[in-house]
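What you see below is based on every heavy atom in this structure, not just the backbone, and it leaves out hydrogens, waters and symmetry mates.
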Number of protein chains: 2
Amino acid sequence: MNLTIKDIARMAGVSVSSVSRVINNSKPVNDHIKEKVEKVIRETNFRPNAVARGLISKSTNLIGVILPQINYISAELINGIEGVANKNGYNIILSNTRLNPDLELNALQLFKDKQVDGIILSSIDMSERHIQLIQDNKIPVVVVGQKTTDYAIPWVDVDNYRPITEIVRYLMRCGHEKIGMIHGPLIDKSAGDSRYRGFIEEMERKNLSVNPKFVGESNFSSKDGYLAMEKILKCEDIPTAVVCASDTIAIGAKNCAEDLGYRIPEDISIVGFDDIELATLVRPKLTTVQVCFETMGSKAMETLLQSIEFKPVNIENYLDYRLIIRDSVKVVADDLGTKI
Amino acid sequence: MNLTIKDIARMAGVSVSSVSRVINNSKPVNDHIKEKVEKVIRETNFRPNAVARGLISKSTNLIGVILPQINYISAELINGIEGVANKNGYNIILSNTRLNPDLELNALQLFKDKQVDGIILSSIDMSERHIQLIQDNKIPVVVVGQKTTDYAIPWVDVDNYRPITEIVRYLMRCGHEKIGMIHGPLIDKSAGDSRYRGFIEEMERKNLSVNPKFVGESNFSSKDGYLAMEKILKCEDIPTAVVCASDTIAIGAKNCAEDLGYRIPEDISIVGFDDIELATLVRPKLTTVQVCFETMGSKAMETLLQSIEFKPVNIENYLDYRLIIRDSVKVVADDLGTKI
DNA sequence: CTGAAAGCGCTAACAT
DNA sequence: ATGTTAGCGCTTTCAG
């Protein structure tokens, strides 16, 4: 079988504790012994068993990551998480809950069994049972994509409301007034409802009326975006600009408009949200809101790290965003006095 | 602290071994005892410590996944792996090696330390040291995206050669003869070199000459695809069709051609490879080769499982592929006698 | 069928 | 500074 610390001790003619000491640099060891041990370790390629270490130290250097699905957005998130985790000696262990809240609970349990040092949770809907379990488990948790301030659980999320109000104001400055929106599921309080409210309320504040026929719902997919746009364009009167709750929706909507003979942005302007890679690959390039999911991941991991190390953590962590103006919005009139 | 099996034993008034037996169902236990134990477990919400179990059983139910980068293609791969892993009680632990071969070696070591039950490795370049380490470690490994038949290490990969020959034949049937290609880095023996050779050799077999000016190299990115296409289109004579080694390349090439005033497919036909989601979202929709990375993942995990369970495994695992005909190729002449 | 006890590979208190 | 030893929480012989 594999070598153990005991074998090394025997081969080096010292005690196991001495071996442990040189491995962990935990206590001063005589140079003489140290060299002997290091020599044996080098020659045998010995590596201490991480599981045994974990059993005693209560730390596995594992971070549990719970995701409702694994797509290109998760990929960016994982990239961010993995980046700072790795830099700090942690590995990440993944659980895909396939949009099933019960599996999220399972994963929370399982990760506790496996004694992970911390958990990053992207839940589709934080229930009381989630909160309960998290608080019982006593394992540091950071939530992403949802705001759990009420429960004193640290989170990192985008502001879903303000960017949309900025989009509305930008469209107005470009001369648009008949503005529609294709939003996400309103049950989804973050990317769904908040973005929708941002639109409705900003339109109200600016005294622009929202034609209900200009508003459609989707599940964030391109296909749904296409369908929603189709419905909007069937009316006699159509909007001059449509705000979409995601880039994928926007691209579906764009394809639909084009299939129906409209040109983007000449006939209809379209704005997306997220700034996925696609947004620059599609023609015209999509005007959208940039939110960096990789940053979301790294920020989440950083706060998790602080929590693990018992440092003070910010409960609320808002992500930066930026309106990215590209080619999918027509400038009807520019009251900024500058070329946009 | 947390409850242990010892606490449960005390509370139920039985021995720890009995508790262990009812938990694992490893040996017959008197119903009387069984019920008592189960009751206590239920009431206390006791869950056995997976680390301690791992130490003794030598099995952690963890699968190490080593990836050179995490993007939307990895996301699909992970999806496939995670799906079958999860179904079999395994979790996956991720290592992103950031295109650095040394980090691949590190990850291999680290995963051994952590006593994973198996490893799925996507290497950018399998060196002798990789092979050595894998064979020394004695942990089941399956390689994806590379063919390691020589070393008797099971792999799953696409056939990169044949699909390209099929594309060439398809383009010929559509009436194309002046065909170009934008390939990937030739150092990459799989998706780079093989696809390139498939093109060159099939053209030769069909007695079609390849104009060197119609051939460009790229690193698989859209940007590079754009640049390579730009070079090709600067010549007086241009190809009627361009085969691209990936969809991302194809989309870059398409954008370039369109920016230069060419219409796709009327002026130039373009074919991609991979069939990423983008391929259907872009207009015209991309004709391409479908290879399902999720299937690649699940297949890899399935063979890994067999290896873990000491079942016989196939060393060579080719992935299915399919030519997906969409709208980016113009039918100049159709010698099939049917409408394509 | 049940319980006592050994031990998985390691760390850390305790003694020397 | 070094070695001995007692566990970490669990599974699994081995007796009974």
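Here the closest heavy-atom approach between residue B/L108 and residue B/I134 is recorded as CD2-CG1, 4.1 Å. Closest approach of A/N314 and A/P154 over heavy atoms only: O-CB, 3.9 Å. Scanning both residues, A/L55 and B/V51, for their nearest heavy atoms gives N-CG1, 3.5 Å.
Residue A/V51 is classed as having no contact, given no heavy-atom separation below 4.0 Å to the nucleic acid.
Atom pair A/D113:CG and D/dC10:C1' shows a separation of 13 Å (rounding to whole Å applied). Atom CZ in A/R10 sits roughly 15 Å away from atom P in D/dG3 (whole-Å rounding). One interatomic measurement links the two molecules: CD1 of B/I8 to C1' of D/dG9, which rounds to 12 Å at whole-angstrom precision. B/K58 places its NZ atom 10 Å from the C1' atom of C/dG7, with the value rounded to the nearest Å. Summarising the geometry, the separation between CG on B/N2 and C1' on D/dG9 is reported as 11 Å, rounded to the nearest angstrom.
Axis angle between the ends of the helix from C/dC1-D/dG16 to C/dT16-D/dA1, five pairs each and rounded to 10 degrees, works out to 50°.
In this structure, the salt bridge (charged side-chain N to carboxylate O under 4.0 Å, His left out) partners of A/E82, at least two apart in sequence or on a different chain, are B/R98. Residues passing the salt bridge (charged side-chain N to carboxylate O under 4.0 Å, His left out) test with A/K311 are A/E309, sequence neighbours excluded.
Screening B/N317, B/T148, B/T149 for a side chain to side chain donor-acceptor pair (under 3.5 Å) with B/W155, the sole residue that qualifies is B/T149. Results of the side chain to side chain donor-acceptor pair (under 3.5 Å) test with B/E104 over B/Q109, B/H130, B/R129 single out B/H130 as the only residue that passes.
If you check residues 28-45 of chain B against DNA chain D, you find no residue with a heavy atom closer than 4.0 Å.
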Side-chain donor-acceptor contacts of residues 35-42 of chain B below 3.5 Å, not counting sequence neighbours, with atom names and distances?
unit_1	atom_1	unit_2	atom_2	d
B/K39	NZ	B/E43	OE2	3.4

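Applying the 6.0 Å contact sphere to CG of B/N30 captures more than 12 heavy atoms from other residues, nucleotides or ligands.
Atom CG of A/L99 is separated from atom CG of A/N96 by 8.0 Å, given to the nearest 0.5 angstrom.
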Where protein sits on nucleotides 10-16 of chain C, one letter per nucleotide: B base, S sugar-phosphate only, - none, heavy atoms under 4.0 Å: BBBB---
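The shortest distance between the side-chain N/O atoms of A/S18 and the OP1/OP2 oxygens of D/dG3 is below 4.0 Å.
Salt bridge A/R10/A/D7: present, at least one basic N to carboxylate O contact under 4.0 Å.
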